[in-house]
Amino acid sequence: MWSTVMKNQPTLNLLPILALAFFIRISGSTSLQPVLIGPDAAYLRSTVTFRCIGPDSSLPVTYELIRDGRVLIAVAADLQGNQKALFHLKASATSEGSYHCKAATEESTGVSNSIRLSVITPASNTRVTSDPFPPVAYEGSRIALSCSVAKGSHLFYTWFFNKREVTSLTSPLLLLTGNQLVMEKVAPEHAGYYSCMVWSKVQDIRRVSSSPEVQMTVKVYLSKPTIFYSIFKEGTGLYSNVTCWATRGSLPVNISLSVNGKEVGSVTGAQSLVAWFLVAIAPRQDMAVARCWVKTEVQELMSEPVTLEMVPVGGQVKVEVEYLHSADSKVVAAKLSCQVTRGTFPYISWFLNNSSLPSDTHADSDPHPVRYHGALADRRQTLFLAKLGPEESGYYLCRARDSYNDSGAWVESAAVLVGVTEVFLYTIEVLTIVFCCFLFLMLAVGAACVYKMFDHKHAHAQVATTTSEAFPLSAHTSQTGRQRDDTLSKESQITV
């Protein structure tokens, strides 16, 4: 048995050496740490280069480029001691993934870091689409624009409105999300031309694709229509020119007129929100009620009813004057109104000192109208005198007749004197001084009356006191007198 042990003694002596060699081999294998260098993005069909370096590795070194942990892409060997391997790839759609390299020598093996490669497809055939389509919407509704491409990946989007870039700062009511530009409540100011630009970037290389412009239309809802009419004469007949219009709304719009509930005309306007209708009319006929209607594909509105009447000018005419004062209470202007008691469509003519004032629309009888600093308003029924000087001062009157009958009879008012007189030169300060003097006088008179009243009461009180003190003496005197009279009477009787 001892001999057996002695025979195995050499083997036992080699065990530590073998264990140390195995440990060294394991240590060498874990110390190999290759490094993979390469891009994280590349354009489609471009060349991608990966470098795998195994520092401090013994020759020969075998390098393997692996994608997604299982797909072997390429193998390279370092036999000259450069300690690196180059892998050149043609980027395709399947090239995208996670890459690492594996380095191996006779003694050790190591795995490098990972690089995620993105293969970018440049955008092409960029265009703008809309929801709803076509991009037409009424104010307050929702509309979404999308920037679409025929192909492309890893893209960025930039929007333009009327050739200006759209951002959340410049357009806070527009929502930029992904490839969409969303307007939750579109407004008229959003109407215009939109385009988008799609771009991608790899390192310093940028590729761009732009869309053509798309016009977005924002329709405006119609306002309530308004109706207006005037009378004119043609030949021997009289007609009412009825005007219907809306202040806002998107075209086209249908405008119609009804008289006494019956449609008398209809116009579809593609360029205007105004329509005119002619209605025959006669004096003193039964009054007709007219209404305007406006219609679109989403709205139908009608105006307030208007009575089509024609009352000839007549009755009394008078001029009312209102003076206008400045800040220092001086008369600086005047407003004259010509009041006509009867007449639907009067034409007013103004006169100063029997000379007509200039007319804007009619030729008055006076061929030499006077000049003045003023203006006419309210269909010539109001005359504003912006200056009251010698030229504007004098007697004003107005005349009225039917505007649709140039040969009609005139109704004239009485003349009214208008101008700056001495009365107008008094200011508020003068009136205030007069009022203060009057008030002071009234206070003085009142104080005198009060003083006199108290003085009278004091004198009466003194008289009453004096009378009361003198009354006993008077009684005594009266009594003595009566006794004296009685004595004399007795004496008289004895003498007899």
Side-chain angles (χ1 to χ4, degrees), residues 226-233 238 240-243 245 247 274 276 281 283 303-304 306-421 423-425:
T226 305
I227 186 171
F228 169 79
Y229 74 100
S230 60
I231 305 296
F232 70 96
K233 187 176 183 180
L238 294 175
S240 175
N241 185 13
V242 182
T243 304
W245 81 93
T247 57
V274 184
W276 295 269
I281 194 170
S303 69
E304 294 294 332
V306 172
T307 301
L308 302 180
E309 59 179 348
M310 186 184 68
V311 178
V313 171
Q316 294 183 350
V317 180
K318 65 176 182 178
V319 176
E320 294 183 354
V321 182
E322 178 185 356
Y323 289 99
L324 306 178
H325 300 79
S326 63
D328 56 355
S329 305
K330 291 183 179 180
V331 177
V332 294
K335 174 185 176 183
L336 282 67
S337 300
C338 186
Q339 303 294 331
V340 184
T341 58
R342 188 173 71 246
T344 309
F345 296 97
Y347 171 74
I348 307 299
S349 181
W350 289 90
F351 289 82
L352 170 59
N353 298 329
N354 294 323
S355 297
S356 65
L357 298 180
S359 171
D360 296 332
T361 57
H362 288 74
D364 294 309
S365 58
D366 194 339
H368 302 289
V370 298
R371 295 184 177 274
Y372 69 104
H373 296 87
L376 296 171
D378 300 331
R379 298 180 183 178
R380 298 178 53 86
Q381 288 189 262
T382 302
L383 173 62
F384 287 99
L385 297 177
K387 178 182 177 182
L388 286 179
E391 295 181 355
E392 291 78 19
S393 299
Y395 288 89
Y396 285 82
L397 62 86
C398 66
R399 298 192 308 174
R401 63 166 172 81
D402 293 319
S403 61
Y404 50 84
N405 188 3
D406 294 339
S407 60
W410 291 91
V411 182
E412 187 174 298
S413 71
V416 176
L417 178 61
V418 177
V420 180
T421 62
V423 177
F424 297 147
L425 297 179

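Quick caveat, the model's predicted, so the values are computed rather than measured.
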Visitor: Indicate yes or no: does Asp402 engage Lys233 in a salt bridge with an N to O separation below 4.0 Å.
Guide: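 Between Lys233 and Asp402 there is no salt bridge, as every charged N stays at least 4.0 Å from the carboxylate O atoms.
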Visitor: Would you call Ser393 and Val418 a side-chain contact if the rule is heavy atoms closer than 4.5 Å?
Guide: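 Ser393 vs Val418: side chains apart.
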Visitor: Going from OH on Tyr229 to CE on Met310, what distance comes out if it is rounded to the nearest 0.5 angstrom?
Guide: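 The CE atom of Met310 is 10.0 Å from OH of Tyr229, to the nearest 0.5 Å.
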Visitor: Set out, in order, the CA-CA distance, both residues' side-chain angles and the distance that settles side chain to side chain contact (heavy atoms under 4.5 Å, CB included) for Val313 and Val340, then state yes or no.
Guide: CA-CA 8 Å; Val313 171; Val340 184; 4.0 Å; yes
Visitor: Can you establish whether the number of heavy atoms outside Gln339 located under 6.0 Å from its atom CD is more than 12?
Guide: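 Count over threshold, so yes.
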Visitor: Tell me the closest heavy-atom pair linking Lys387 and Glu392, and the distance in Å.
Guide: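 Heavy atoms of Lys387 and Glu392 come nearest at O-CG, 3.1 Å.
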Visitor: State, to 0.1 Å, how close Pro312 and Tyr404 come at their nearest heavy-atom pair, and which atoms those are.
Guide: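 Of all heavy-atom pairs spanning Pro312 and Tyr404, the closest is CA-OH, 4.2 Å.
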Visitor: Measure from the side-chain N and O atoms of Arg380 to the backbone N and O of Ile348, and report whether any donor-acceptor pair falls under 3.5 Å.
Guide: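 Looks like yes, one N/O pair under 3.5 Å.
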Visitor: I'd like to check Trp350 versus Val319 (side-chain heavy atoms, cut-off strictly below 4.5 Å). Are they in contact?
Guide: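 Counting from C-beta outward, Trp350 and Val319 do come under 4.5 Å.
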Visitor: For the residue pair Ile281 and Ile231, establish whether any side-chain heavy-atom pair is separated by less than 4.5 Å.
Guide: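 Side-chain contact under 4.5 Å: yes.
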Visitor: Using every non-hydrogen atom in the two residues, find where Gly343 and Pro346 come nearest and quote the distance to one decimal.
Guide: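 Taking every non-hydrogen atom into account, O-CD, 3.9 Å.
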Visitor: How long is the span from the CG atom in Asp378 to the CZ atom in Phe384, to the nearest 0.5 Å?
Guide: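 Going from CG on Asp378 over to CZ on Phe384, the span is 6.5 Å.
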Visitor: Taking the side chain as every heavy atom from C-beta outward, state whether Leu352 and Tyr395 have any atom pair closer than 4.5 Å.
Guide: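 Side chain of Leu352 against side chain of Tyr395, heavy atoms only: no contact under 4.5 Å found.
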Visitor: Starting from the C-alpha separation in whole Å, work towards a yes-or-no answer on side chain to side chain contact (heavy atoms under 4.5 Å, CB included) for Arg342 and Val311.
Guide: CA-CA 7 Å; Arg342 188 173 71 246; Val311 178; 3.4 Å; yes
Visitor: Taking side chain as C-beta onward, heavy atoms only, is Leu388 less than 4.5 Å from Val331?
Guide: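 Of all side-chain heavy-atom pairs linking Val331 with Leu388, at least one is under 4.5 Å.
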Visitor: Indicate yes or no: at least one non-hydrogen side-chain atom of Cys398 is less than 4.5 angstrom from one of Phe351.
Guide: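 The answer is no; the side chains never approach within 4.5 Å.
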Visitor: Is the centre of the Phe345 ring less than 6.0 Å from the centre of the Phe232 ring?
Guide: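 Here the rings of Phe232 and Phe345 have centres that are no less than 6.0 Å from each other.
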Visitor: Go through it in stages, so that I can follow the logic: the residues are Ser326 and Asp328, the test is side-chain hydrogen bond (donor to acceptor under 3.5 Å, both in side chains), and I'd like the CA-CA distance, side-chain angles, deciding distance and then a yes or no.
Guide: CA-CA 5 Å; Ser326 63; Asp328 56 355; 2.2 Å; yes
Visitor: Any pair with a residue in residues 306-318 that passes salt bridge (charged side-chain N to carboxylate O under 4.0 Å, His left out), sequence neighbours left out, goes on the list, sorted by first then second residue, please.
Guide: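 Passing the test, one end in residues 306-318: Lys318-Glu320.
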Visitor: Considering non-hydrogen atoms only, spot the tightest contact between Gly394 and Asn353 and give its length.
Guide: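 For Gly394 and Asn353, the tightest heavy-atom pair comes out as CA-OD1, 3.5 Å.
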Visitor: My understanding is that only residues two or more places apart in sequence, or in another chain, count here; which of them pass side chain to side chain donor-acceptor pair (under 3.5 Å) with Ser230?
Guide: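 Counting only residues at least two positions away or on another chain, Ser230 forms no side chain to side chain donor-acceptor pair (under 3.5 Å).
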Visitor: Pair Asn405, Ser407 - check side-chain hydrogen bond (donor to acceptor under 3.5 Å, both in side chains), show working.
Guide: CA-CA 5 Å; Asn405 188 3; Ser407 60; 3.0 Å; yes
Visitor: Under 4.5 Å between any side-chain heavy atoms of Trp245 and Ile227, yes or no?
Guide: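 Side chain of Trp245 against side chain of Ile227, heavy atoms only: no contact under 4.5 Å found.
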Visitor: Are any side-chain N or O atoms of Ser413 and backbone N or O atoms of Leu397, one a donor and one an acceptor, separated by less than 3.5 Å?
Guide: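 It does not hold such a pair.
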Visitor: What I'd like to find out is whether the side chain of Leu383 reaches to under 4.5 Å of the side chain of Leu357, using heavy atoms alone.
Guide: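 Contact flag for Leu383/Leu357 side chains = yes.
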Visitor: The criterion is side chain to side chain donor-acceptor pair (under 3.5 Å); which residues satisfy it with Glu322, sequence neighbours excluded?
Guide: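 By the side chain to side chain donor-acceptor pair (under 3.5 Å) rule, Glu322 matches no residue at all.
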Visitor: Would Val317 and Thr341 count as a side chain to side chain contact (heavy atoms under 4.5 Å, CB included) here? Give the steps.
Guide: CA-CA 7 Å; Val317 180; Thr341 58; over 6 Å; no
